[in-house]
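Because the structure is a prediction, the values reported are computed rather than measured.
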Amino acid sequence: MASEALKAFRKKMLNPMHWRTVNKTMVQYTKSELQQVDMAGKLMEELAQELNIRLSKEEKREAAKWLVSKQVDPKSKRDRLRIWKYIKGD
């Protein structure tokens, strides 16, 4: 079960008011970078800062592993929308 911080993080990511910021941050990464847990963790750290959510190291790592498992291409609008749907459904 996800922690309260991860639930808040997901809720903010799903908020249309924040989605533009999330997209702007995600497109700075490449698909190959987001296939590495460390780089995906860096993205999660940036997003947490932008969304004003405090995530522990374990929570960031959990979120990064989840993102790596989705094999998203952040340059693809379709994949970014797909991630939004994954967040909504998970």
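In this structure, Arg82 CZ and Asp73 CG are separated by 9.0 Å, a value rounded to the nearest 0.5 Å. Between the CZ atom in Arg54 and the CD atom in Gln49 there is a gap of 10.5 Å [rounded to 0.5 Å]. Expressed to the nearest 0.5 Å, how far CD1 of Ile83 lies from CZ of Arg78 amounts to 12.0 Å. From Ile87, atom CD1 reaches atom NZ of Lys85 across 13.0 Å, with rounding to the nearest 0.5 Å.
Nearest heavy-atom pair across Ala64 and Val37 is CB-O, 3.6 Å.
Residues His18 and Leu51 have side chains in contact (heavy-atom distance under 4.5 Å, counting atoms from C-beta outward). Within the 4.5 Å cutoff, no side-chain heavy atoms of Leu14 are placed close to those of Trp19.
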Can you list, pair by pair, the side-chain donor-acceptor contacts under 3.5 Å of residues 26-34, counting residues two or more places apart and other chains?
residue : atom : partner : partner atom : Å
Tyr29   : OH   : Glu46   : OE2          : 2.3
Thr30   : OG1  : Ser32   : OG           : 3.2
Thr30   : OG1  : Glu33   : N            : 3.1
Glu33   : OE1  : Thr30   : N            : 2.9

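Between the side chain of Glu59 and the backbone N or O of Ser56 there is at least one donor-acceptor pair closer than 3.5 Å. With hydrogens and angles disregarded, no donor-acceptor distance shorter than 3.5 Å links the side chain of Lys60 to the backbone of Glu45. The main-chain N or O of Asn23 is never found under 3.5 Å from a side-chain atom of Arg80 such that the two would form a donor-acceptor pair.
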Exercise. Stepwise, does the salt bridge (charged side-chain N to carboxylate O under 4.0 Å, His left out) test hold for Glu4 with Lys7?
Worked result: CA-CA 5 Å; Glu4 291 302 314; Lys7 287 178 187 177; 3.6 Å; yes
